[in-house]
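Encoded as structure tokens, the structure appears first; notes follow it.
Letters A, B, ... are given to chains in the order of the sequence lines, protein chains preceding strands, and every chain is numbered from 1.
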Amino acid sequence: MIQVLFFGPVADRVGQSALSVDYQPELRLQDVRDTLAVRYPQAFALVCMTAVNGQHVRDGAMLLPDHSEVTFMAKFSGG
Amino acid sequence: MIQVLFFGPVADRVGQSALSVDYQPELRLQDVRDTLAVRYPQAFALVCMTAVNGQHVRDGAMLLPDHSEVTFMAKFSGG
Amino acid sequence: MSDLTAVRLQTEDFSQDAEIAALKASSKRMGGIATFLGCARDFSEGREVSTIGFEAYGAMALSEMQQLRLDAIAKFELLDARIVHRIATVTAGDNIVFIAAGAEHRVAALAACHWMIDELKLRVPIWKKESTPQGDAWVVPHP
Amino acid sequence: MSDLTAVRLQTEDFSQDAEIAALKASSKRMGGIATFLGCARDFSEGREVSTIGFEAYGAMALSEMQQLRLDAIAKFELLDARIVHRIATVTAGDNIVFIAAGAEHRVAALAACHWMIDELKLRVPIWKKESTPQGDAWVVPHP
């Protein structure tokens, strides 16, 4: 199982702050993103950063281990 | 009478923090400085700024009104 | 006794005096301390703002702030540094974020403080929502 | 109740919390407050320092600090600014000088704070004497 987290403006547009995606071997970060972007196009229009297990990841080809925590994030506006 | 003030390192080298110079017509700032620099050469070796009545003055030709307060100052080291 | 860890996300307000005392405790060689305090404003981009709310990806935000502190200490040869960000709903005048940089001399402290608040805005996963009489809106930062 | 005039020379210590509260009171539009705190160090130019004493040409120092505050407000479009300098004998870790600049946005506040401490050192007639185990010496600032 892959845990997907949303925060702030992305969570608002998805309508929830977390969901799960079934794990499968060879699952890439970009696969999860593509699947969810079809379901939540307005939310994903805001996404400009992605983290896996709390670390920034830029490479969509990254293979996701089972139990990964994936976060699709809008531009930060803290401070 | 012209009141002359010294502070910090200049006062230390003069050995006092104030002295008086007789007023005379046409007395220029540079005249006071020249007179005192002869008496206190080590103190005046430190002097790099001069104020008259609390205002910076760069022009040694300035005529001093009677009762002026003249201050010969070493480089500042506050802050 | 409140938590005075050098890097914190917290709901409650903080005291500059307490933060500076904690920063100073790390060294007697600290000649310059620069701080930046970000506060809530009652007006933003031409709109009145009644409250500002913050949401964070807490675990990642904290680890990014911890790394940012270490990066600043290394980059500017600081003696110590602190970063505190509130995750709360605040109103005009309230404190939001506090950055402090302590160094032997002022130039490093001032440069580090400026760099840290700029980097915090880029690196740390926190989002701000402004509530106005016209409704609520998540803030989209300028590039 | 201590004096919280925006520009002061004083013997006693000051509180950052009190200064920031006084600064903030001037506007609800203040989004960024940058401060600089100068402190006494136990070591300077390779020598141990036991105490630092300050002497000021008080009347001129105060009027120069007041003008510096007004210049900073005008130059950086600040909402408010404060300058406090202690004239006292202090030991390592003690506060010496405090500068605060409040603006709508952080860039102006940070730039103004940096400028004000640099200008204070150039403009304000205050002299510092360091006492070390080898004796006392007035500090000669580097060019």
Query raised in the report: Is it the backbone or the side chain of D/Val124 that comes under 4.5 Å from a heavy atom of chain B, or both, or neither?
Result: backbone

Report task. Take atom CD of D/Glu48 as the centre, draw a 6.0 Å sphere, and report whether it contains more than 12 heavy atoms from other residues, nucleotides or ligands. Result -> no

Query - Shortest non-hydrogen separation from D/Tyr57 to B/Asn53 and the atoms involved - result: OH-C, 4.5 Å

Requested in this report: Scan B/Met73, B/Glu69, B/Gln55 and name whichever one has a side-chain contact (heavy atoms from CB on, under 4.5 Å) with D/Met60.
Outcome: B/Met73

Report task. Measure across D/Pro141 and B/Lys75 and return the closest heavy-atom pair with its distance rounded to 0.1 Å. Result -> CG-CG, 3.6 Å

Query raised in the report: Should we count NZ of D/Lys121 as having more than 12 external heavy atoms under 6.0 Å?
Result: yes

Query raised in the report: Tell me, side chain or backbone of B/Leu46 under 4.5 Å from chain D's heavy atoms, or both, or neither?
Result: neither

Query raised in the report: Between D/Ala56 and chain B, which part of the residue has a heavy atom less than 4.5 Å away: side chain, backbone, both or neither?
Result: backbone

**Report entry** Donor-acceptor pair, side chain of D/Lys128 and main chain of B/Gly79, under 3.5 angstrom
**Finding:** yes

Query raised in the report: So what's closer than 4.5 Å to chain B heavy atoms on D/Ile52: side chain, backbone, both or neither?
Result: neither

Query raised in the report: Is it true that atom CD of D/Gln66 has more than 12 heavy atoms of other residues, nucleotides or ligands lying nearer than 6.0 Å?
Result: yes

Query raised in the report: To the nearest 0.5 Å, how far apart are NE2 in B/His56 and CZ in D/Arg123?
Result: 8.5 Å

Query raised in the report: Does atom CD of D/Glu77 have more than 12 heavy-atom neighbours from other groups under 6.0 Å away?
Result: no

Query raised in the report: Between D/Trp127 and B/Phe76, what is the ring plane arrangement, given parallel below 30°, perpendicular above 60°, and tilted in between?
Result: perpendicular

